[in-house]
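Residues: numbered from 1 along the sequence shown. Order of listing sets the numbers, starting from 1, for every ligand and every atom in it. Note that the structure is predicted; figures quoted are calculated from it, not measured.
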Amino acid sequence: MAEANQPRPTAQAQTPYNLAAQTVSDPMTKDLNPQKQHMGDESMVRTLAAQTEAIWPQERELIATYRLPATAGVLDVGSGTGEFSARLAEYLPQSKLLGVEILPQSVTYARQHHGRLAPRLDFKVGDAFALEFPDQRFDFVTCRHMLQSVPEPQRVIAELIRVTRPGGRLHLLVEDYGMIHAYPTRRELDGFWQRAMAGFVNAMHVDPRIGRRTWTELHSRGVRDLAVHYITVDTLRVPRDTMARIFESWRDGYANTVAELAGMSSDEAYAGFTDMADCIRDPQGYAVWHVPIVTGLKA
Ligand SMILES: C[S@@+](CC[C@H](N)C(=O)[O-])C[C@H]1O[C@@H](n2cnc3c(N)ncnc32)[C@H](O)[C@@H]1O
């Protein structure tokens, strides 16, 4: 058939959601940290606490399969409040870990809350777009829940690879807002997420579907032994209260922005998140957020 001979789109083809192509045109004017207010908001402290509580039990099992060197040098990029870095430091008791984070107040928070693990675990201010480390410096490089929030995430990915030693491991936990489902809900929420994502793409030039794109980004840069694992944050594996708190804190931090960027009323945006949280709290409801972790070894 004629259609079968049509060239298939490549990873570089420009589509409305292919930010790799879309965002290189105006690098001088783009805000590379368009969510700084959200990231520094009180609600983000709750978000990161609930997310890590939900995800770490499954993520720890995955990390166990990596067989990291006992004394691994670890870099956690975009370390936020340090919830993950601290759990990792406890899990790898002979490792040396550094969390790099662009917001000074988050670095202060992380240092204060995880000081018991210092100096083996430290946090410092730094920019993922220009890491201040020599090439091939770390055994294990992690980046979680960050790449969906910055334009041109491929530039950060290149930096993560640069500072990983050959044979060292990359561990990228990447969000994708097309991987969230709930039933029953009062509203049809697939459309809600679609509209919210389109708003973020158009206004902030970020990629809310970075989760499905990351394998290709790493593959095209020669990372080997690539695998994609899914953390299943659902109402069967995660306590309902923990999971609901994720969507409630997202709502508190992001509903007004979703309303503005997606052309919804504030009430509508607020109700979308609340609907999701209510389904999770309803013993008759089922909800799931699939969270990809893309991992591989630097060649
Ligand atoms: C959603 S939080 C995730 C925090 C942590 N990785 C976790 O999993 O709990 C994303 C973090 O990345 C930080 N961030 C954003 N852009 C950054 C950049 N260019 N360099 C370093 N950190 C950045 C934000 O300030 C925020 O603290």
Side-chain angles (χ1 to χ4, degrees), residues 23 27 30-60 62-63 74-91 97-111 113-114 121-133 140-160 162-163 170-177 200 204-208 210-211 214 231 233 242 245-247 249-250 252-254 257 289 291-294:
T23 55
K30 201 173 314 113
D31 180 357
L32 290 176
N33 191 9
Q35 296 185 22
K36 56 181 97 52
Q37 279 182 328
H38 307 86
M39 295 300 175
D41 190 62
E42 163 278 326
S43 61
M44 185 55 68
V45 176
R46 289 186 278 129
T47 292
L48 302 183
Q51 284 180 171
T52 318
E53 213 176 301
I55 290 171
W56 174 249
Q58 293 174 53
E59 191 173 14
R60 183 188 54 211
L62 172 62
I63 291 172
V74 182
L75 179 69
D76 184 27
V77 176
S79 47
T81 53
E83 294 278 353
F84 167 77
S85 328
R87 282 172 174 80
L88 191 60
E90 276 162 349
Y91 181 68
L97 299 92
L98 181 62
V100 166
E101 162 60 45
I102 202 158
L103 292 184
Q105 66 266 38
S106 298
V107 169
T108 302
Y109 179 102
R111 280 192 168 152
H113 282 75
H114 311 296
L121 169 65
D122 195 12
F123 298 93
K124 68 186 293 193
V125 175
D127 183 358
F129 284 90
L131 293 169
E132 57 175 66
F133 307 109
F140 187 38
V141 174
T142 65
C143 182
R144 303 171 79 258
H145 301 287
M146 196 204 111
L147 293 172
Q148 84 290 344
S149 73
V150 294
E152 303 182 37
Q154 67 278 5
R155 286 176 51 194
V156 173
I157 288 172
E159 275 293 88
L160 300 175
R162 183 183 67 76
V163 299
L170 290 131
H171 173 92
L172 311 188
L173 184 152
V174 272
E175 297 188 355
D176 189 316
Y177 300 100
F200 276 83
M204 288 187 181
H205 308 292
V206 298
D207 187 354
I210 186 68
T214 303
I231 303 292
V233 177
T242 305
R245 284 190 281 114
I246 295 173
F247 291 89
S249 54
W250 283 9
D252 299 346
Y254 280 93
T257 305
W289 174 30
V291 187
I293 293 181
V294 187

key: Heteroatom distance test (Q148, ligand 1): nitrogen or oxygen, under 3.5 angstrom   =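 No: no nitrogen or oxygen of Q148 is under 3.5 Å from one in ligand 1.
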Inset, instruction - May I ask you to check whether R144 has an N/O atom sitting below 3.5 Å from an N/O atom of ligand 1? - result: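 R144 vs ligand 1: N/O contact under 3.5 Å present.
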Contact between ligand 1 and F84 is defined here as a heavy atom of the residue under 4.0 Å from a ligand atom; is it met?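 Contact absent.
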Q.
Can you tell me if G40 contacts ligand 1 (heavy atom of the residue under 4.0 Å from the ligand)?
A.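 It does not; every heavy atom stays at 4.0 Å or beyond.
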Please step through side-chain hydrogen bond (donor to acceptor under 3.5 Å, both in side chains) for the pair H114 and S85, ending with a clear verdict. CA-CA 9 Å; H114 311 296; S85 328; over 6 Å; no
| field | Geometric class of the W56/Y91 ring pair [parallel <30°, tilted 30-60°, perpendicular >60°] | value |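 Ring orientation of Y91 relative to W56: perpendicular.
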Which of parallel (below 30°), tilted (30 to 60°) and perpendicular (above 60°) describes W250 and W289?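 Aromatic pair W250/W289 classed perpendicular.
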| task | Grab the two heavy atoms, one from V174 and one from V291, that are nearest each other, plus how far apart they are. | result |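 Here V174 and V291 meet closest at O-CG1, 4.4 Å.
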I'd like to know if the side chain of [X] and the backbone of [Y] have a donor-acceptor N/O pair within less than 3.5 Å.
X	Y	result
R144	H171	no
E159	L131	yes
Q148	M146	yes

Which one of [options] has a non-hydrogen atom at the shortest distance from [atom]?
atom	options	value
atom 9 (O) of ligand 1	L48, V107, N33, L32	L48
atom 19 (N) of ligand 1	V156, V125, D127	D127
atom 22 (N) of ligand 1	I102, T47, L173, L103	I102

Inset, instruction - Would you please test R87 and E59 for salt bridge (charged side-chain N to carboxylate O under 4.0 Å, His left out) and show each step? - result: CA-CA 11 Å; R87 282 172 174 80; E59 191 173 14; over 6 Å; no
| query | Side chain, backbone, both or neither: which part of M39 has a heavy atom under 4.0 Å from ligand 1? | reply |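 The answer is the side chain.
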Handout entry: Part of C143 within contact of ligand 1 (heavy atoms, under 4.0 Å)
Key =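 For C143, there is no contact with ligand 1 at all, from either part.
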ask   = For E90, does the CD atom sit with more than 12 other heavy atoms under 6.0 Å from it, leaving out its own atoms?
value =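 Atom CD in E90 is packed in, count exceeds 12.
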Around [atom], find the nearest protein heavy atom and jot down its residue, atom name and distance.
atom	value
atom 20 (N) of ligand 1	A128 N, 2.8 Å
atom 12 (O) of ligand 1	M146 CG, 3.2 Å
atom 4 (C) of ligand 1	G78 O, 3.2 Å
atom 16 (N) of ligand 1	V150 CG1, 3.7 Å
atom 25 (O) of ligand 1	E101 OE2, 2.6 Å

Using a 4.0 Å cutoff against the non-hydrogen atoms of [X], which atoms of ligand 1 qualify?
X	answer
G126	20 (N), 21 (C)
H145	1 (C), 2 (S), 3 (C), 8 (O), 10 (C)
G80	4 (C), 27 (O)
F129	19 (N)

Check: For the atom pair CG (L160) and CG (L147), what is the distance rounded to the nearest 0.5 Å?
Finding: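 Here the interatomic distance stands at 6.5 Å.
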- Start with the C-alpha distance between Q35 and S149, add both sets of side-chain angles, then the distance that settles side-chain hydrogen bond (donor to acceptor under 3.5 Å, both in side chains), and finish with yes or no. CA-CA 6 Å; Q35 296 185 22; S149 73; 5.0 Å; no
